[in-house]
Amino acid sequence: MTATRAASGFASADKFSAPGGYQLLPFRFLRLDGPRYVATNLVGEHLVLPRDVLVDLIEGRLASSHPRYADLQSRHFFMTHQSDVAMELLATQWRTKLEPLSDFTSLHLFVVTLRCDHSCPYCQVSRVSEDKRAFDMTPEMADRAVDLLFQSPSPQLKVEFQGGEPLLNFPLIRRVVEAVQARNAVSPRDIRFVIATNLAHLSDEVLSFCREHHVYLSTSLDGPANIHDANRPRPGGDSHARVVSGVERARHVLGPDAVAAVLTTTRRSLTSPGAIVDEYVRLGFHNIFLRWLSPFGFAARSRDAVGYDPAAWQDFYVRALRHVIAINRGGYELREESAGIILRKLLTPYASGYVDLQSPTGLGISVVAYNYDGDVYLSDEGRMLAETGDRTFRVGNVLTHTYEEIFYSERLQDLVLDTMTEAIPQCTDCAFQPVCGTDPVFHHATQGDLIGHRPTSDFCRRNMFVMKHLVTLLEDDPHAAAVLRSWV
Amino acid sequence: MSLDADTRHVVRGNAQAAELRVSRSLYGIEPIAKAAHAFTGRCFVRLDNIGDDVIVTIERKQPHDDAQVLASDMANEILDQMLRAHLKAETEAVRRLILAQAFSRTNLVHPEFDRPLPTDHGSLQT
């Protein structure tokens with residue numbers, strides 16, 4: 001074993017002990033506000049410290065009698081000569097965080113049609129006509145995409161049907177679900193199905209199929225009728241009424257948790273955070289995802305009509321989150337999803353499957369999208385961008401490319417290597433590096449570069465703001481902190 | 001030298017543009033360059049060498065910003081970057097050991113824990 005250690009080139013643990021003092025362990029820090037800094041250890045556990053304590057700590061002057069000494073030691077910011085167990089714990093936690101990387105790709109998006117009856121101004125991809133068969137995925141393409149799905153090493157797979165409005169091509173959804181379940185019977189894996197639908201075409205036949213095959217529904221709800229219907233015009237102007245009716249019917253047939261909703265925040269949302277949150281409560285949802293509007297595809301062209309600057313969204317987010325917390329304190333459980341994802345990474349050693357907050361990028365290794373025309377994209381946003389003519393994130397076609405050509409391509413490997421935030425300028429020193437991620441599609445679309453320039457990145461600005469806000473609430477507001485911790 | 005010492009810098013200029021003069025041997029080029037990069041969202045930055053000093057020339061991007069305030073903020077950021085450089089140097093070796101431990105099949109921190117048990121037929125020996 002000695003030979004092994006020597007061959008490894010690493011000094012033994014006792015070389016790092018500091019008799020009578022402490023040995024610093026790797027950590028990052030960032031100014032939180034005024035004299036306060038947030039510091040995170042190697043795996044993201046955080047503490048808020050005054051600057052003078054931070055300086056004393058780094059310069060080796062922090063006395064063992066200092067009130068923050070025990071906190072810093074227990075969270076592995078340093079170790080003493082009495083115990084080096086921190087190194088092993090950090091190594092285990094680090095390994096736990098990165099473990100999902102070996103089980104790539106879990107989320108497979110099937111864009112079964114681009115047809116849609118809605119004409120939302122921010123929608124990236126839909127085609128209004130319901131008659132254009134040219135925008136439907138063919139059965140042959142779907143079968144080939146199922147072949148690719150089963151070559152993924154991930155023990156958990158999620159098949160999500162996207163559009164357009166996917167229920168306009170329900171026969172193909174039926175074909176894919178039945179094919180996947182038949183093949184999965186041979187060597188079973190945990191496979192879940194979700195249809196992302198506006199619920200306008202939710203028939204009894206669809207509900208019956210979903211019940212029989214354990215298919216979940218995800219819909220869009222932008223708030224009360226006046227906001228939702230203005231965001232999502234359709235013939236008859238009854239999008240909101242159809243969502244409400246569809247949610248009730250789906251819950252009746254499939255169960256109370258079978259349908260989830262996501263929010264798209266447009267300019268008209270910004271003045272009504274309370275009304276939007278209240279609508280989610282009124283309709284019995286226990287989750288809300290305060291999402292930022294993606295500047296891709298058609299949405300980019302509609303930005304003047306529905307878009308906003310990051311500061312306006314930040315104000316909306318703070319007010320909406322405050323209302324969500326107040327509702328929780330009133331006894332109704334409502335989880336804000338983006339906060340929940342960040343808090344889970346900040347407060348536990350576990351990773352998140354959320355593609356936008358992964359290092360390296362989740363593109364291709366967490367998610368892949370099979371477009372209606374058989375083209376394979378590294379993410380949903382990547383295929384949305386393609387609708388404006390930018391096919392940067394296309395990596396093949398289901399009819400002409402093998403699994404190896406798509407998922408082991410040099411292009412995808414380069415993208416993974418280039419998007420590790422551990423090595424991206426500014427990210428490498430940021431206290432939120434263990435929690436945050438990178439979004440190559442966003443940076444490509446907004447800055448013309450897959451990595452992006454962090455000092456001018458709205459992605460960085462928005463995430464930095466939300467993370468600082470959450471840390472501040474955890475630190476300064478015990479009532480809010482209790483609610484936030486319950487979401488982990 | 002204390003890493004929390006006052007900056008030995010000279011700020012001169014006006015609201016539109018300012019100059020920050022810092023000692024390269026005192027602060028190090030990496031902290032200066034990293035701090036300059038962090039401010040490239042708010043101002044145009046140029047670095048020049050004059051003897052042992054680095055001259056950081058700052059030009060604001062937004063009319064509501066004051067270049068002299070930005071220069072002072074950058075001086076503070078250089079101090080934070082110095083702290084980071086010190087911390088990185090101090091923990092570089094232990095970071096490598098933890099990373100190696102995380103992905104190693106043997107125990108690099110406590111190799112003695114990898115000794116085979118009496119009933120073990122040497123499967124852990126390498």
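Remember, predicted model here, so these are calculated numbers, not experimental data. First the proteins, then the strands, lettered A, B, ... as listed; each starts at 1.
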### Task
Could you tell me which portion of A/Leu57 (side chain, backbone, both or neither) has an atom closer than 4.5 angstrom to a non-hydrogen atom of chain B?
neither
### Task
Please look at A/Tyr37 and chain B and tell me whether the side chain, the backbone, both or neither of the residue comes under 4.5 angstrom of a heavy atom of that chain.
side chain
### Task
Heavy-atom distances under 4.5 Å only: say whether B/Glu92 touches chain A with side chain, backbone, both or neither.
neither
### Message
When you measure from the centre of the six-membered ring of A/Phe27, is the NZ or CZ of A/Arg75 closer than 6.0 Å and no more than 45° off the axis?
### Response
no
#### Entry: Pairwise side-chain contact, B/Leu83 with A/Val55, heavy-atom cut-off 4.5 Å (strictly under)
yes
### Residue part contacting chain B, namely of A/Leu90, when any heavy atom lies under 4.5 Å
both
### Summary
Closest non-hydrogen contact found for B/Glu77 with B/Ala35 is CG-CB, 3.6 Å
### Query
Which word best sums up how the rings of A/Phe442 and A/Trp292 line up, parallel for under 30°, tilted for 30 to 60°, or perpendicular for over 60°?
tilted
